[in-house]
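A short worksheet on the structure shown next.
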Amino acid sequence: MKSVTVDMSKIGMKVCAACNDEHANLEADAKIAFLKLESCEALSPQEVINFLDWLDKFRVGIWLWYLQLSKGSHNMDTSKNLLFSA
């Protein structure tokens, strides 16, 4: 097990403009949901979905960033897309 300490400002990856634009409102929507949760207010079903979508984006983004940082030390072959292989 390896521990990594990094400033939050250094965590992130470049994404294409289309992907960035498509999900631009996700963080703002998640903030609304978070503030409602923090003040014990009920969330609408769409607010729950928005918040979970943001958590997924954050979790997967951190995972991909860490894989990039560790430069293949996880013995993963990312040259093949196994999810959609024939």
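Treat the numbers as computed from the prediction; the structure is a model and nothing was measured. Along the sequence shown, the residues carry numbers beginning at 1.
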Under the side chain to side chain contact (heavy atoms under 4.5 Å, CB included) test, which residues partner Ser39, sequence neighbours left out?
Glu41
According to ring pair (Phe, Tyr, Trp, His ring centres under 6.0 Å), does anything in residues 25-54 pair up with another residue at least two apart or in another chain? List the pairs.
Trp54-Phe58
Taking salt bridge (charged side-chain N to carboxylate O under 4.0 Å, His left out) as the definition, give me every residue that meets it alongside Lys36, ordered by chain and number, with sequence neighbours left out.
Glu47
Count I, L, V, M, F, W, Y as connected when their side-chain heavy atoms are under 4.5 Å apart, and connections chain through other members. Are Ile49 and Leu35 then in the same cluster?
no
With Leu43 as reference, evaluate Asn50, Val48, Ile32 under the side-chain contact (heavy atoms from CB on, under 4.5 Å) test and give the passing residue.
Val48
